[in-house]
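Everything below concerns the one structure shown next.
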Amino acid sequence: MNAKNEVEILLVEDNVHDAELTIRALKRRHLTNKLIHVKDGAEALDFIFGTGQYAGRDISQRPKVMLLDLKLPKVDGLEVLRAMKSDQRTKTIPIVVMTSSQEQRDIVETYQLGVNSYVVKPVDFEGFSKAVSELGCYWVLLNHPSETPTDPPP
């Protein structure tokens, strides 16, 4: 598999326990070939836009999907979503919000901002593991993302 076609999941999750469960569920489905885990919204934006500690990263290597928590330190998930969906280079990257929030205003706002899917994290391990596995299979193996160039056409 060449570098251009590698599976890439960007997991944006500050809760260590939830991150470990997510990674374990994806590993069971062999979907962690190229998984990046960042712990806050600022680091997620740095990774996506090739700034900060990720300065110089080839931003044309886009994740096939971002799994995004809403309640994050530094920059919250809504701001990450807003920044990505308002930028030509990143607006077509699929973003799945995975959060414990069932608040209607969070659901409405994320869809207004352009989220692709909103999933409430199941509380039990088995439910959580199944949800992550199914999400990973769909977004990484079945979905065909748009191949948007990193720079908008003139």
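Here the structure is a predicted model, which means the values were calculated and not measured. The basis for the numbers below is simple: all heavy atoms, side chains too, and nothing from hydrogens, waters or symmetry mates.
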Query - Leu10 and Ile48, any side-chain heavy atoms less than 4.5 Å apart - result: yes

Query raised in the report: In Å and rounded to the nearest 0.5 Å, what is the CD to CD distance from Gln104 to Glu109?
Result: 12.0 Å

Report task. State, with a plain yes or no, whether a side-chain heavy atom of Met66 is found less than 4.5 Å away from one of Val12. Result -> yes

Report task. Starting at CG of Leu67, measure out to CG of Leu35 and round the result to the nearest 0.5 Å. Result -> 8.0 Å

Query raised in the report: Taking all atoms of both residues into account, what is the closest heavy-atom pair of Ser101 and Asp106, and its distance?
Result: OG-OD2, 2.6 Å

Query raised in the report: Of Leu11, Ile95, Ile9, which meets side-chain contact (heavy atoms from CB on, under 4.5 Å) against Val65?
Result: Ile9

Requested in this report: Determine, using the 4.5 Å side-chain heavy-atom cutoff (strictly less than), whether Val108 and Leu78 are members of one ILVMFWY cluster.
Outcome: no

Query - Full working for side chain to side chain contact (heavy atoms under 4.5 Å, CB included) between Val96 and Val115 - result: CA-CA 6 Å; Val96 176; Val115 76; over 6 Å; no

Query raised in the report: How long is the gap from CZ on Arg82 to CG on Asp76, to the nearest 0.5 Å?
Result: 8.0 Å

Requested in this report: Could you go through the side chain to side chain contact (heavy atoms under 4.5 Å, CB included) check for Leu70 and Tyr118 one step at a time?
Outcome: CA-CA 10 Å; Leu70 285 185; Tyr118 190 102; 3.9 Å; yes

Report summary line: On a heavy-atom basis, the closest approach of Leu72 and Asp69 is CD1-O, 3.3 Å

Requested in this report: Spell out, as yes or no, whether a donor-acceptor pair under 3.5 Å connects the side chain of Lys85 to the backbone of Ile93.
Outcome: yes

Query - Spacing of Lys71 atom NZ and Ser100 atom OG [to the nearest 0.5 Å] - result: 7.5 Å

Requested in this report: Scan side-chain atoms only and decide if Gln53 and Glu43 contain a donor-acceptor pair under the 3.5 Å cut-off.
Outcome: yes

Query raised in the report: Counting only N and O atoms by type, is there a donor-acceptor contact under 3.5 Å from the side chain of His37 to the main-chain atoms of Glu13?
Result: yes

Requested in this report: Output, in order, the C-alpha distance, side-chain angles, deciding distance and verdict of side chain to side chain contact (heavy atoms under 4.5 Å, CB included) for Leu81 and Thr110.
Outcome: CA-CA 8 Å; Leu81 180 60; Thr110 57; 3.9 Å; yes

Query raised in the report: Is the number of heavy atoms from other residues, nucleotides or ligands under 6.0 Å of Lys91 NZ greater than 12?
Result: no

Query raised in the report: Okay, side chain of Tyr54, backbone of Ile59: is any donor-acceptor separation there less than 3.5 Å?
Result: no

**Report entry** Qualifying residue for side-chain contact (heavy atoms from CB on, under 4.5 Å) with Leu45, from Asp87, Asp40, Val75, Val38
**Finding:** Val75

Report task. Please check if the side chain of Arg57 supplies one atom and the backbone of Thr51 the other of a donor-acceptor pair under 3.5 Å. Result -> no

Report task. Taking only Lys NZ, Arg NE, NH1 and NH2, and the carboxylate oxygens of Asp or Glu, determine whether Glu20 and Lys27 approach each other closer than 4.0 Å. Result -> no

Query raised in the report: Under the 3.5 angstrom rule, does the side chain of Asp14 hit a backbone N or O of Lys39 as a donor-acceptor pair?
Result: no

Report task. Would you check, one step at a time, whether the test side-chain hydrogen bond (donor to acceptor under 3.5 Å, both in side chains) holds for Thr92 with Arg62? Result -> CA-CA 10 Å; Thr92 61; Arg62 300 160 22 119; 3.0 Å; yes

Query - Trace of the side chain to side chain contact (heavy atoms under 4.5 Å, CB included) decision for Lys74 with Glu79 - result: CA-CA 10 Å; Lys74 297 185 182 177; Glu79 287 304 313; over 6 Å; no

Query raised in the report: Between Lys121 and Asn15, does any side-chain donor sit less than 3.5 Å from a side-chain acceptor?
Result: no

Query - Gap separating the CD atom of Glu103 from the CD1 atom of Ile107, nearest 0.5 angstrom - result: 9.0 Å

